[in-house]
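Computed from a predicted structure; not experimentally measured.
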Amino acid sequence: MAKDPLAEAGLHYDELNKLRVLEPEVAQKTTELKEECKEFMDKIGQFQKIVGSLIELVDELAKEAETEKMKAIGARNLLKSVAKQRESQQQQLQALITEKKMQLERYRIEYEALCKVEAEQNEFIDQFILQK
């Protein structure tokens with residue numbers, strides 16, 4: 001079988017009878033590869049958009065979590081300070097109660113002493129009146 005002189009020179013006809021440098025099979029595979037590459041690039045672009053939005057969402061959630069964490073730490077510290085204040089206040093009130101009890105005991109002793117003095121004075125007055 002005789003070889004086509006154009007094929008030997010590396011020139012070929014396509015399905016539209018146009019003169020091409022590439023063989024029809026190679027040209028077809030090149031076109032298919034080009035389309036697959038375009039589809040792949042489109043999918044990569046979509047993937048990048050999805051990943052970008054996911055990263056933004058995760059960053060927002062991380063910020064919210066950090067904010068909530070700080071609120072929780074603040075609340076815990078506030079509770080600790082309130083507990084310490086209550087304990088301090090309780091100690092102050094306990095000291096005040098002790099002081100008031102001691103004062104009450106002093107007043108009771110003073111009252112008893114005054115009652116004794118009053119009784120002695122009343123007795124003295126009674127004796128003085130009886131002697132007259």
Side-chain angles (χ1 to χ4, degrees):
M1 190 164 179
K3 289 188 178 178
D4 186 14
L6 288 176
E8 289 179 9
L11 299 173
H12 306 280
Y13 287 103
D14 64 4
E15 62 275 348
L16 299 174
N17 289 328
K18 289 187 177 181
L19 191 58
R20 303 284 181 192
V21 176
L22 292 174
E23 293 179 20
E25 290 177 17
V26 174
Q28 181 183 359
K29 287 185 180 183
T30 302
T31 305
E32 289 174 4
L33 181 61
K34 182 179 176 183
E35 289 175 9
E36 286 179 18
C37 285
K38 185 180 181 303
E39 290 175 13
F40 180 75
M41 291 303 293
D42 290 343
K43 287 180 182 180
I44 289 294
Q46 290 175 344
F47 179 74
Q48 286 178 334
K49 286 180 185 177
I50 291 170
V51 168
S53 64
L54 180 64
I55 288 173
E56 288 176 11
L57 179 64
V58 168
D59 285 344
E60 287 178 26
L61 290 175
K63 286 178 185 177
E64 288 179 23
E66 190 66 26
T67 302
E68 291 300 319
K69 177 181 167 186
M70 290 307 212
K71 285 181 183 178
I73 289 172
R76 182 180 63 195
N77 290 341
L78 181 63
L79 282 174
K80 284 181 181 178
S81 83
V82 166
K84 286 181 181 179
Q85 285 176 347
R86 283 189 179 172
E87 184 179 325
S88 174
Q89 186 179 22
Q90 185 178 12
Q91 288 175 351
Q92 289 174 351
L93 290 173
Q94 199 65 35
L96 183 62
I97 289 171
T98 303
E99 181 182 331
K100 293 296 181 183
K101 282 182 179 179
M102 290 186 331
Q103 187 178 17
L104 176 65
E105 183 62 22
R106 281 194 308 267
Y107 287 155
R108 189 187 61 75
I109 291 171
E110 185 178 351
Y111 174 75
E112 288 175 0
L114 289 174
C115 283
K116 186 177 178 184
V117 168
E118 180 187 20
E120 288 173 358
Q121 287 179 354
N122 283 337
E123 185 180 328
F124 176 75
I125 291 173
D126 287 343
Q127 285 178 2
F128 183 73
I129 291 177
L130 287 178
Q131 286 179 357
K132 280 191 173 186

Gap separating the [atom1] atom of [X] from the [atom2] atom of [Y], nearest 0.5 angstrom:
X    : Y    : atom1 : atom2 : value
L93  : T98  : CG    : OG1   : 10.5 Å
C115 : E110 : SG    : CD    : 10.5 Å
Q121 : F128 : CD    : CZ    : 14.0 Å
Q94  : E87  : CD    : CD    : 12.5 Å
I97  : L104 : CD1   : CG    : 12.5 Å
C37  : I44  : SG    : CD1   : 11.0 Å

Legend entry - side chain to side chain contact (heavy atoms under 4.5 Å, CB included), paired with S88, selected from Q85, R86, K84, Q92: Q92

Legend entry - Co-membership, hydrophobic cluster, residues I55 and F47, 4.5 Å side-chain: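 In one cluster with I55: F47, yes.
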
Legend entry - N-O pairing of K38 and D42 below 4.0 Å: yes

Legend entry - E105: side chain to side chain donor-acceptor pair (under 3.5 Å) partners, not counting sequence neighbours: R108

Inset, instruction - List in chain and number order the residues that pass salt bridge (charged side-chain N to carboxylate O under 4.0 Å, His left out) with E68, two or more places apart in sequence or in another chain; answer none if no residue qualifies. - result: K71

Inset, instruction - Flag yes if more than 12 heavy atoms outside E32 fall under 6.0 Å of its CD atom; otherwise flag no. - result: yes

Inset, instruction - State, with a plain yes or no, whether a side-chain heavy atom of I73 is found less than 4.5 Å away from one of R76. - result: yes

